[in-house]
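Residue numbering restarts at 1 for every chain, and letters A, B, ... go by the order of the sequence lines.
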Amino acid sequence: MDDTLKGKKLLKTKHLLGIKGMCREDLDLILQTSESFKQILETPNKKVAALKGVTVVNMFFENSTRTKISFEMAEKRLSADVVNFAASSSSLKKGETLIDTAKNIEAMKIDMVVMRHSTPGAHKMLMDNLDSIIINAGDGAHEHPTQAILDLMSIVEKKPNLKGKRVTLVGDIVHSRVAMSNIHALKLYGAKVQVCGPSTLIPKDIEKMGVEVTYDLDEAIRNSDVMNILRIQLERHVGASFPSLREYHNYWGITNEKLARAKNDILILHPGPMNRGVEIDDDVADGDHQVILDQVLNGVASRMAILYLLSANIGGAK
Amino acid sequence: MKKMINNISLCEPLYKTLPKKLLIKNGTVIDTYSEKESVTDILVSGGKIEKIAKNIKTEKGCEVIDATGLFVSPGFFDMHVHLREPGYEQSENFVSGTNAAMSGGVTSLAAMANTTPCIDNKFVFNDIQSRVKGLLVNVHQIPAVTIKREGKVIVEMTELVEAGALAFTDDGNGIQSSETMKGALEYAKMFGTPILVHPEDHSFVEGVMNESLSSTELGMSYIPAISESINVARDIEIARYVDGTVHFQHVSVKESVELIRKAKKEGLKISCEVTPHHFSLTDDKVRTFSTDYKMNPPLRTQEDVDSIHKALKDGTIDVIATDHAPHPSEKKNVEFDFAPFGVLGLETMFSAGITYLVRKKKLNLMEFLKKITVNPRKVLNLEADLIKKGRIAELTIFDKDKKWKIDRRQLKSLSLNTCFHDETHYGKVLYTINNGKIYKA
Ligand SMILES: [Zn+2]
């Protein structure tokens, strides 16, 4: 284990509810620690005893294969005891409340809760009512901080200095939990942030956050250093604000042909799961500019770092 | 919690019978009807105002309230209240709701019809009217415009007006069909009875907060300003077409305010109200994720609040009414998306007005009080001249400058969902008098 892991530094934040309000130093420390864990993941053993005796509960009130596996993997690589709890958000509407459910689980002596929930701010409720450390694995279209951190890690690995670099988020900004967290994180690193997509998928007044807005993908491709392609939720949109996937693909789908106009070293990210042939074409998804599988590995490494660093607060989160 | 345990005792009326003779001495009587203000005495005898004069001599057996330094106003009128009875008595009922009213200085109120069963026929209406008799607070039950508030078939208005209905409202639901609204306005015109309109176009995707920078940052589903103003615009057009009388409830966006200002200038029979939360708070509050800030219409932007202040001042907004909407804590203490809309209002209407309007010089005291005394009574065609000899004493006595900290647990309502918890407000009601009864804070 390297020095970062030996002399454990502390994060200023006690929980990870969102990137908003976090400081640059915390993100730096998380990224640095993530790289150390990534090295460990590259070794044959892949496992450390850092969270031995720590119990982590993954509470997923919405479907998520990817994030859940990534967290579970990170927890197990750290030797934590892992409990999974899955239910639909709608069950909370009818049956036991979130607070009761969480308090019941906490009564069984747990230390950390990772939660995915459909309602923005649900994690704050949890934090106010539990003693455990809370990690947000996505709250509605609000924040998904661990995704932003793994995205940031994947970008910074290739482009260490983000100052003045333009990062464009493409697609469904309004329903995305990835977008806000990414915007906050990228701004902390001095990047110019741009959003691009059909006007109906760009939320109101987003430019007041200091974000550039364009509806023109060609323009965005030409002026970007990094593009993060968000997933179009196939079941959600067709209707008053979204004519068809066909039109979406034609105007906002990333193809190699369109990418020909990009800077040579443009990076392409996608948080997954991908809809190939909708927001991203095969030849881009498997092409030279993408770092999509790096993101997956970085996801495990950075979640290990987050769990590890936050575990320092166990027993004294409040 | 405390309130549920002591449910029974808390549901006893908090008023006492007025003494045979009561002298309110040396108060500043602020008559919002004649717009006059003077330091004088009021002698109340047998529940009625017997004499208004300076230095009335104290007779034997006459009780005295020394109102030196206090104001004596016509009793407040809140024309937008959800009393939750029948159907939701764990949130509020006639006794707890009117207790909340009198502690806020409210002597008369209009109760909305979104109860279970819905107040949509004479039989339920009469039953309610008989059960609210004899309280300190006059409860005017407002029946629905349409059966079950479904927006389709209009209620038996003639019969209901004969039974004493002052207006009609489907509040909680916007009336979606223009055909229905035209019919209702045209029919109600026969009695000169206003339709109280909850302006909302429900064809927009259901949201939980205002559409703005805040909803963008919070990733919350949103309610655009136009979901309100579209219906305001439509109903102004219908009112003009059929020469009907419309009162818009809880206007919250500048677009509605501007439409109403223009319609009033044209001389249409239109009035409107704003809630204390919409003139006090903005959607920034939702960033706390507290469901105390979840209401419909939602809190809007500073620009909207500014335009509401201007409209209160120039008279575009006639009335301040609370949309008092109690919900039990187990319903509110859940994720923001799952909580019901609505906040308490009765006990903080006056102090919110003093704190956010009068002290911030948006309105002077007279202008503010008119909007909670004379104007709502005029909208509902009730007698608005209260401070005169021979009339039942319906008075509110308050200390304009008294500071108090709002504590949800101290409120008289059965529910706790105030959006002003922990705020320090100015203006405290000390006595509420009506129907031969008196409430003392
Ligand atoms: Zn309403």
Side-chain angles (χ1 to χ4, degrees), chain A residues 17-21 61 89-102 115 117-129 138-144 173-181 183-184 195 200 202-211 213 236-237 239-241, chain B residues 1 201-227 230 253-255 282-294 298-304 327-341 417 421-422:
Chain A
L17 299 201
I19 303 290
K20 180 152 184 176
F61 292 101
S89 289
S90 57
S91 72
L92 291 168
K93 253 190 249 183
K94 293 173 219 133
E96 195 179 46
T97 65
L98 172 63
I99 295 175
D100 284 338
T101 304
M115 182 168 81
H117 194 290
S118 63
T119 298
H123 297 77
K124 174 157 187 301
M125 248 179 88
L126 217 55
M127 184 180 78
D128 292 343
N129 285 281
D139 59 336
H142 178 219
E143 287 234 38
H144 190 2
I173 311 298
V174 69
H175 299 104
S176 167
R177 56 173 121 252
V178 180
M180 280 308 129
S181 293
I183 290 169
H184 296 310
V195 294
T200 45
I202 309 278
K204 193 174 168 65
D205 290 341
I206 194 167
E207 62 284 351
K208 289 187 186 159
M209 295 176 69
V211 169
V213 177
R236 176 132 47 185
H237 298 308
S241 57
Chain B
M1 282 303 174
D201 182 335
H202 294 295
S203 70
F204 290 96
V205 174
E206 238 177 273
V208 298
M209 71 169 295
N210 183 39
E211 182 178 20
S212 67
L213 177 62
S214 301
S215 66
T216 292
E217 282 197 51
L218 297 175
M220 290 211 184
S221 56
Y222 43 75
I223 303 170
I226 51 170
S227 79
I230 282 173
V253 297
K254 62 177 190 307
E255 290 83 355
T282 68
D283 61 7
D284 255 1
K285 285 281 186 194
V286 182
R287 291 172 188 266
T288 63
F289 296 111
S290 164
T291 58
D292 289 336
Y293 305 113
K294 182 172 177 181
L299 296 176
R300 305 288 190 178
T301 65
Q302 188 58 50
E303 222 183 314
D304 294 307
H327 291 290
S329 51
E330 69 269 17
K331 291 249 169 64
K332 271 291 199 184
N333 203 6
V334 295
E335 297 91 312
F336 203 88
D337 281 354
F338 303 158
F341 293 102
N417 53 310
H421 178 66
D422 252 2

Over all heavy atoms of both residues, which pair between B/Glu217 and A/Met180 is shortest? Give the atoms and the distance, please. O-CG, 3.8 Å
Nearest-0.5 Å distance that lies between atom CD in B/Glu335 and atom CD1 in A/Ile99: 7.5 Å
Of the listed A/Gly140, A/Ala141, A/Gly18, the one with the largest count of heavy-atom pairs under 4.5 Å with chain B is A/Ala141
A quick test of your reading: do over 12 heavy atoms of other residues, nucleotides or ligands sit less than 6.0 Å from CD of B/Gln302? yes
Step through it carefully: locate the ring centre of A/His142, locate the ring centre of B/Phe336, and say whether they are under 6.0 Å apart. no
Going from OG1 on B/Thr216 to NZ on A/Lys208, what distance comes out if it is rounded to the nearest 0.5 angstrom? 9.5 Å
To the nearest 0.5 Å, how far apart are CD in B/Glu211 and CG in A/Asp205? 8.0 Å
What is the minimum heavy-atom distance between A/Pro120 and B/Gly219, and which atoms define it? CG-O, 3.5 Å
Please classify the contact of B/Ser221 with chain A as side chain, backbone, both or neither, using a heavy-atom distance under 4.5 Å. neither
Inter-residue atom distance A/Lys204.NZ - B/Tyr222.OH, 0.5 Å rounding: 10.0 Å
B/Leu213 and A/Pro203, any side-chain heavy atoms less than 4.5 Å apart: no
Check whether any side-chain heavy atom of A/Thr97 sits under 4.5 Å from a side-chain heavy atom of B/Asn333, and report yes or no. no
Relative to each other, are the rings of B/Phe338 and A/His117 parallel, tilted or perpendicular (30° and 60° limits)? tilted
